[in-house]
Amino acid sequence: MSLLPFTIVTGAAPYLRQANMDTDVIIRIERLTSLGRAELGPYALEALRYFPDGSEDPAFILNQKQFRGAPFILAGENFGCGSSREGAVWALQGIGIRCIIAPSFGDIFYSNCFQNGVLPIRLSLQHIETLAAACQDGVPLTVDLEQCILHVSGASAIRFEVDVLRREGLLHGLDDIGLTLKHNAEILAWQHKDRQRRPWAWNTVARTDYFPP
């Protein structure tokens, strides 16, 4: 699947301080049963964004003018815990989120981020508190995945770590299948040699549709 590449992104960074933000808070399950992927954005974090009558809660940070359309979320511990629903990532993408920075993540949510072109960054709570203070008035944060650094104007850059293959996928806008297909020529060459070496291991009818040229 082709994704939006992530190289250098700059924008506002609201702080969702709450720990253990689970996927049911990010997107309610009934929304996933009735809406398509592109329709989920208005319902992301709806219990926090809206009052029961459907009007916006002006006190919620993502509804504040300086944070509308922000590409980042600074978050508390264990963000994206709970049930394993890919729609949680889709919903956040629907409101423009490209990167989430937290001390820790739910494991499945963390993997789902990479598969959908969202960068999850693990940083200490101390670093996140520092960034939140620097960005509290909408001062932009810059995340540079090419150099694996993030910084706010007037402050020292902070380095972060990300798996090498996952970083490559985000930089080029590729999921795991896309990364594999970058080596399609080598895969086909190996298959050809292995068919000659071990013909008994392959079907008698050659298959060519797995990795089309």
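Because the structure is predicted, anything quoted here is derived from the model rather than measured.
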4.5 Å side-chain heavy-atom contact, I8 and L145: no
Just by distance, with hydrogens left out, do E86 and N116 show a side-chain donor and acceptor under 3.5 Å apart? yes
Minimum heavy-atom separation for I95 and L62, please, with both atom names. CD1-CD2, 3.7 Å
Members besides W90 in its Ile/Leu/Val/Met/Phe/Trp/Tyr cluster (side-chain heavy atoms under 4.5 Å): I27, I29, L32, L35, L40, Y43
Return the set of residues passing side-chain hydrogen bond (donor to acceptor under 3.5 Å, both in side chains) with E56 (not counting sequence neighbours), or none when no residue passes. R68
Test item: V9 and D144 side chains (from C-beta on) under 4.5 Å apart, heavy atoms: no
Is there side-chain contact between V152 and C135, with at least one heavy-atom pair below 4.5 Å? yes
With side chains defined as the heavy atoms from C-beta onward, is the minimum distance between L150 and F72 less than 4.5 Å? no
Looking at side-chain heavy atoms only, is the closest gap between L48 and D57 below 4.5 Å? no
Q115 and N112 side chains, donor-acceptor separation under 3.5 Å: no
Going from NE2 on H151 to OG on S153, what distance comes out if it is rounded to the nearest 0.5 angstrom? 9.0 Å
Minimum heavy-atom separation for A133 and Q136, please, with both atom names. O-CG, 3.3 Å
Whichever hydrophobic residues join W200 through chains of side-chain contacts under 4.5 Å: none
Considering all heavy atoms, the nearest P58-F51 contact: CD-CE1, 3.9 Å
So, for P140 and T10, which heavy atoms are closest and what is the spacing to 0.1 Å? CB-CG2, 3.8 Å
When rounded to the nearest 0.5 Å, the distance separating CD1 of I61 from CZ of R17 is 9.0 Å
Can you list the residues that meet the side-chain contact (heavy atoms from CB on, under 4.5 Å) rule with D163, with sequence neighbours excluded? L165, R166
Value for CG (L170) from OG1 (T7), rounded to nearest 0.5 Å, stands at 10.5 Å
Within a strict 4.5 Å, meaning less than it, do heavy atoms of the I73 and Y15 side chains meet? no
Keeping D137 on the side-chain end and V139 on the backbone end, is there a donor-acceptor pair under 3.5 Å? no
Do H127 and T130 have side-chain atoms, one donor and one acceptor, less than 3.5 Å apart? no
Between F67 and Y50, is there shared hydrophobic-cluster membership here, with clusters defined by ILVMFWY side-chain heavy atoms closer than 4.5 Å? no
Please answer: with hydrophobic residues joined when any side-chain heavy atoms are less than 4.5 Å apart, are I100 and I108 in the same cluster? no
Can you sort out the partners of S55 under side-chain hydrogen bond (donor to acceptor under 3.5 Å, both in side chains), two or more places apart, ordered by chain and number? D53
Where is the tightest heavy-atom contact between G138 and A12, given as atom of each residue plus distance? O-CB, 4.4 Å
Around atom CD of E30, are there more than 12 heavy atoms from other residues, nucleotides or ligands closer than 6.0 Å? yes
With a 4.5 Å limit on heavy-atom distance, are the side chains of F109 and V118 in contact? no
Same hydrophobic cluster for L125 and F105, using side-chain heavy-atom links shorter than 4.5 Å among ILVMFWY? yes
G36 backbone acceptor or donor facing E39 side chain under 3.5 Å: yes
Please find the pair of heavy atoms, one from I121 and one from C99, that lie closest to each other, and give the distance. CD1-SG, 3.7 Å
Are any of the side-chain heavy atoms of L171 and P5 separated by less than 4.5 Å? no
Interatomic spacing from CZ in R31 to CZ in R28 - rounded to 0.5 Å: 4.5 Å
Please lay out, stage by stage, how L119 and R98 fare under the test side chain to side chain contact (heavy atoms under 4.5 Å, CB included). CA-CA 6 Å; L119 171 61; R98 303 289 317 279; over 6 Å; no
Cluster check L141, I149: I/L/V/M/F/W/Y, side chain < 4.5 angstrom: no
Under 3.5 Å, sequence neighbours excluded: what are the donor-acceptor pairs made by side chains of residues 76-84?
{"unit_1": "E77", "atom_1": "OE1", "unit_2": "S104", "atom_2": "OG", "d": "2.9"}
{"unit_1": "N78", "atom_1": "ND2", "unit_2": "N20", "atom_2": "OD1", "d": "3.0"}
{"unit_1": "S83", "atom_1": "OG", "unit_2": "T23", "atom_2": "OG1", "d": "3.2"}
{"unit_1": "S83", "atom_1": "OG", "unit_2": "R85", "atom_2": "NE", "d": "3.0"}
{"unit_1": "S83", "atom_1": "OG", "unit_2": "R85", "atom_2": "NH2", "d": "2.9"}

Value for CG (L3) from CD (Q93), rounded to nearest 0.5 Å, stands at 8.0 Å
Between E129 and L74, does a side chain to side chain contact (heavy atoms under 4.5 Å, CB included) hold up when you go through it step by step? CA-CA 9 Å; E129 294 279 358; L74 301 172; over 6 Å; no
Can we say E146 and R167 salt-bridge, meaning some charged N sits less than 4.0 Å from an Asp/Glu carboxylate O? no
